[in-house]
*Asks:* 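First, the structure itself, so that you have it in front of you.
Hydrogens, waters and symmetry mates play no part in the numbers below; they use all other heavy atoms, side chains included.
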Amino acid sequence: MPQFIYLSGCGYYMAPSFAAIVERPDSRPSAGDSAEDSGDEALSSRIEDEPEEAAGGLKGLKRHSRAVRLACLAIREALQMASISGHAPGGKRNDIGVVVGTNDANLEAIDRLQQEAETYGVNNTNPGLFPENVLNVIAGQASIYFGLGGPNVTISGGDFSSVKSLQYAADMLESGSASHVAVCIVRLQPPAVFEGSIRYRAARESVVALVLSRQPSGGSGSGLKLRLESVTDLPDAAATRVTDEQLPAVLAVKLRSGELPSGTSVIYADAGPEGLLAVEF
């Protein structure tokens with residue numbers, strides 16, 4: 001991973017119960033707490049339908065799944081904040097990659113396909129539904145829609161999808177595979193038919209997009225200068241620790257608020273068997 005990367009754009013849609021946790025640091029559950037124990041039970045755990053004024057700016061996505069629509073809305077906001085245009089005059093922006101972290105973004109499409117097969121028969125299903133059944137659907141559709149010709153991949157890392165996605169994006173920047181990477185973490189509640197049959201289930205919905213760059217992108221404000229490092233232990237008990245679920249949202253809220261630290265701050269997120277990911281900014 002590079003010594004420093006730059007976070008210059010973000011976009012997000014969060015369920016009210018998740019936004020309440022992210023925007024109030026004192027209410028964030030520790031990494032060991034379960035989502036159900038975090039309070040805010042009276043607030044909705046689902047993202048409200050995408051605003052018409054926002055969705056109206058994305059033509060041609062109406063037929064796509066809710067996961068694709070919300071992710072593209074968030075990615076568009078992040079690219080605009082970073083002052084990065086999509087389609088270049090001569091074609092695609094081959095220097096911009098896409099990394100999506102998700103465990104279940106294709107479940108809605110799988111459910112729709114199954115319903116069509118049961119209703120009309122397997123030989124009469126809508127062929128347009130097939131592409132959305134692959135887990136890489138968001139990264140692929142976003143790359144096509146915004147004209148981003150760099151690598152596009154999906155990280156399905158269970159409880160550590162956010163950390164793995166950020167690490168992968170940083171490695172892409174370091175290797176020179178891309179100058180900018182749009183990272184989008186998608187956590188949506190699965191269709192009812194999958195209740196009890198999937199291992200990783202989002203208790204609170206969130207879709208967060210971040211633009212990471214090798215160099216400052218020239219967007220509004222100075223952005224956040226980040227350094228990512230794998231560590232095995234917390235340096236002290238007072239260190240700020242967030243869950244994998246909260247990490248991208250915390251970074252996005254800090255950038256959007258404009259209240260950037262004057263000195264060095266570090267937050268830590270669980271990275272599974274590898275220990276912790278330290279994010280210095």
Side-chain angles (χ1 to χ4, degrees), residues 1-5 7 18 21-22 25 28-38 67 71 97-107 134-136 138-139 151-175 177-178 181-190 194 196-210 212 224 226-252 254 264-281:
M1 291 181 288
Q3 184 175 7
F4 289 105
I5 57 177
L7 169 60
F18 184 63
I21 292 172
V22 172
R28 292 180 198 149
S30 68
D33 293 338
S34 67
E36 291 75 12
D37 296 334
S38 61
V98 179
V99 175
V100 171
T102 187
N103 298 311
D104 49 26
N106 59 340
L107 293 183
V134 299
L135 189 60
N136 199 47
I138 293 177
N152 69 83
V153 299
T154 296
I155 304 295
S156 181
D159 289 333
F160 312 107
S161 292
S162 299
V163 164
K164 301 300 183 185
S165 297
L166 290 171
Q167 290 175 319
Y168 195 95
D171 288 342
M172 285 174 59
L173 296 173
E174 172 67 10
S175 69
S177 300
V181 180
V183 180
C184 190
I185 309 301
V186 181
R187 298 177 186 273
L188 298 177
Q189 294 182 342
F194 294 104
S197 62
I198 58 175
R199 184 175 181 183
Y200 302 104
R201 178 184 181 278
R204 299 171 297 261
E205 293 189 333
S206 62
V207 176
V208 182
L210 305 172
L212 302 179
L224 278 175
L226 305 178
R227 183 169 65 181
L228 279 59
E229 182 181 4
S230 296
V231 297
T232 55
D233 298 297
L234 286 174
D236 57 71
T240 301
R241 185 173 179 178
V242 298
T243 65
D244 179 269
E245 175 190 33
Q246 296 161 8
L247 177 59
V250 169
L251 292 174
K254 284 184 178 295
T264 299
S265 298
V266 184
I267 57 177
Y268 299 85
D270 279 339
E274 300 174 9
L276 300 165
L277 178 69
V279 183
E280 176 185 318
F281 54 93

*Asks:* If I take atom CG from residue Leu7 and atom CZ from residue Phe281, how far apart are they, to the nearest 0.5 angstrom?
*Replies:*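 It comes to 10.0 Å.
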
*Asks:* Could you pull out all residues at least two apart from Ser165 that satisfy side chain to side chain donor-acceptor pair (under 3.5 Å)?
*Replies:*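 Scan of Ser165 (side chain to side chain donor-acceptor pair (under 3.5 Å), adjacent residues dropped) gives none.
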
*Asks:* Do Cys184 and Val98 have side-chain heavy atoms sitting under 4.5 Å apart?
*Replies:*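 Not touching, per the 4.5 Å side-chain cut-off.
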
*Asks:* Determine whether Asp270 and Arg241 make a side-chain contact, defined as any pair of heavy atoms from C-beta on separated by less than 4.5 Å.
*Replies:*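 Yes, side chains in contact.
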
*Asks:* Compare every heavy atom of Asn103 with every heavy atom of Gly157, then report the nearest pair and how far apart it is.
*Replies:*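 Taking every non-hydrogen atom into account, N-OD1, 3.7 Å.
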
*Asks:* Taking all heavy atoms of Ser161 and all of Ser156, pick out the closest pair and write down the distance.
*Replies:*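 So the two residues come closest at OG-C, 3.9 Å.
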
*Asks:* If you measure from CD on Glu280 to CD1 on Ile267, what distance do you get to the nearest 0.5 Å?
*Replies:*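 Answer for the CD-CD1 pair, Glu280 versus Ile267, is 11.5 Å.
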
*Asks:* Measure the CG-CG distance between Leu212 and Leu228 for me, rounded to the nearest 0.5 Å.
*Replies:*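 These two atoms lie 8.0 Å from each other.
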
*Asks:* What salt bridge (Lys or Arg N to Asp or Glu O under 4.0 Å) pairs are there with at least one residue in residues 158-168, not counting sequence neighbours?
*Replies:*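 Qualifying pairs, neighbours excluded: Lys164-Glu274.
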
*Asks:* With a 4.5 Å cut-off on side-chain heavy atoms, are Lys254 and Ser265 touching?
*Replies:*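 Heavy-atom side-chain distance check fails, nothing below 4.5 Å.
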
*Asks:* Check the surroundings of atom OH in Tyr168: do more than 12 heavy atoms from other residues, nucleotides or ligands lie under 6.0 Å from it?
*Replies:*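 No.
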
*Asks:* Give me the atom names and distance for the closest heavy-atom approach of Pro151 to Ser177.
*Replies:*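 Heavy atoms of Pro151 and Ser177 come nearest at CD-O, 3.7 Å.
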
*Asks:* Among Asp171, Ile155, Leu210, find the residue that satisfies the side-chain contact (heavy atoms from CB on, under 4.5 Å) test when tested with Leu166.
*Replies:*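 Only match with Leu166 under side-chain contact (heavy atoms from CB on, under 4.5 Å): Leu210.
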
*Asks:* Evaluate the side-chain proximity of Leu277 to Leu247: yes if any heavy-atom separation is below 4.5 Å, no if none is.
*Replies:*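 In short, these two side chains touch, coming nearer than 4.5 Å.
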
*Asks:* Hey, could you give me the CD/CD1 distance between Gln246 and Ile185, rounded to the nearest 0.5 Å?
*Replies:*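 Between Gln246 CD and Ile185 CD1, I get 14.0 Å after rounding to 0.5 Å.
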
*Asks:* Between the side chain of Gln189 and the main-chain N/O of Ala203, is any donor-acceptor distance below 3.5 Å?
*Replies:*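 Checking the backbone N and O of Ala203 against the side chain of Gln189, a donor-acceptor pair under 3.5 Å is found.
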
*Asks:* Which atoms form the tightest heavy-atom contact between Val183 and Ala169, and what is the distance?
*Replies:*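 Heavy atoms of Val183 and Ala169 come nearest at CG2-CB, 3.5 Å.
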
*Asks:* Nearest 0.5 Å, what's the CG-CG distance between Leu276 and Asp244?
*Replies:*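 Separation between the atoms: 11.5 Å.
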
*Asks:* Give me the atom names and distance for the closest heavy-atom approach of Tyr268 to Ala239.
*Replies:*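 Closest approach of Tyr268 to Ala239, heavy atoms only: CE1-CB, 3.8 Å.
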
*Asks:* Does Arg187 reach the side chain of Phe18, with side-chain heavy atoms less than 4.5 Å apart?
*Replies:*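 Result no, sub-4.5 Å side-chain heavy-atom pair not found.
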
*Asks:* Flag the pair Ile138 / Thr154 as yes when at least one side-chain heavy-atom distance between them is below 4.5 Å, and no otherwise.
*Replies:*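 A side-chain contact is absent here, since even the closest heavy-atom pair is not under 4.5 Å.
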
*Asks:* Search all heavy atoms of Leu251 against all heavy atoms of Leu224 and return the closest pair with its distance.
*Replies:*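 Minimum heavy-atom contact is O-CD1, 4.1 Å.
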
